[in-house]
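Down below is the structure, laid out as structure tokens.
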Amino acid sequence: MALMTWNDNDFSVNIKLLDTHHKKLFDLINALHDAMKQGKVKDVLGKIFSELIEYTVYHFRAEEELFQKYVYPEYQQHKKEHEDLTKTALELKDRFDADQMRTVLTMETMEFLKDWLKNHICGTDKKYTKFLNGKGVA
Ligand code: FEO
């Protein structure tokens with residue numbers, strides 16, 4: 001069973017491009033979780049983990065560009081959350097890379113990434129829907 005399951009009602013921010021990004025993040029987290037459960041080798045897990053972080057950074061930048069373009073009033077707080085998650089995700093990845101003994105990710109790491117993404121989309125991201133839709137971004 002997938003770790004994260006998308007449904008528009010809970011997760012859509014009503015902006016097509018950003019929903020597409022978020023769905024891709026769900027897919028990457030699920031791919032990482034599947035690889036972990038299947039006991040894939042460390043190199044495989046590390047590659048998916050890196051892809052997840054890279055795509056997350058790409059997505060954050062896309063949101064922040066929209067915030068700057070339309071002068072979103074909550075830009076700074078939102079950006080801070082992005083920066084904090086990026087920092088934590090990179091620290092988790094460093095820890096994973098440095099641990100020679102452990103060949104699999106911990107479920108704790110997976111739960112952290114899952115909860116963070118869910119909470120961020122449902123809480124912080126959804127706050128921009130009305131503002132950006134009002135600027136014609138849909
Ligand atoms: Fe969709 Fe603010 O990340």
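First listed ligand is number 1; within each ligand, the first listed atom is number 1.
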### Summary
Atom name of the N, O or S atom of Glu63 nearest to atom 1 (Fe) of ligand 1 is OE2
### Task
Starting from atom 1 (Fe) of ligand 1, look over the N/O/S atoms of His59 and name the nearest one.
NE2
### Message
I'd like to know if atom 1 (Fe) of ligand 1 has an N/O/S atom from His21 within less than 2.8 Å of it, counting both backbone and side-chain atoms.
### Response
no
### Pairing of Glu111 and Lys114 as salt bridge, 4.0 angstrom limit
yes
### Message
We want to know whether His78 and His120 form a side-chain donor-acceptor pair, criterion being a heavy-atom distance below 3.5 angstrom.
### Response
yes
### Task
To the nearest 10 degrees, could you say what angle atom 2 (Fe) of ligand 1 makes with OD1 of Asp125 and NE2 of His120?
80°
### Query
At atom 2 (Fe) of ligand 1, what is the angle formed between atom NE2 of His78 and atom NE2 of His82, rounded to the nearest 10°?
80°
### Backbone N/O of Ala2 and side chain of Asn30: donor-acceptor pair under 3.5 Å
no
### Task
Please say whether the positively charged group of Lys118, taken as NZ for Lys or CZ for Arg, lies over the ring of Phe26, i.e. under 6.0 angstrom from the six-membered ring centre and within 45 degrees of the axis.
no
### Lys79 charged N/C atom sitting above Phe67 aromatic ring, 6.0 Å / 45°
no
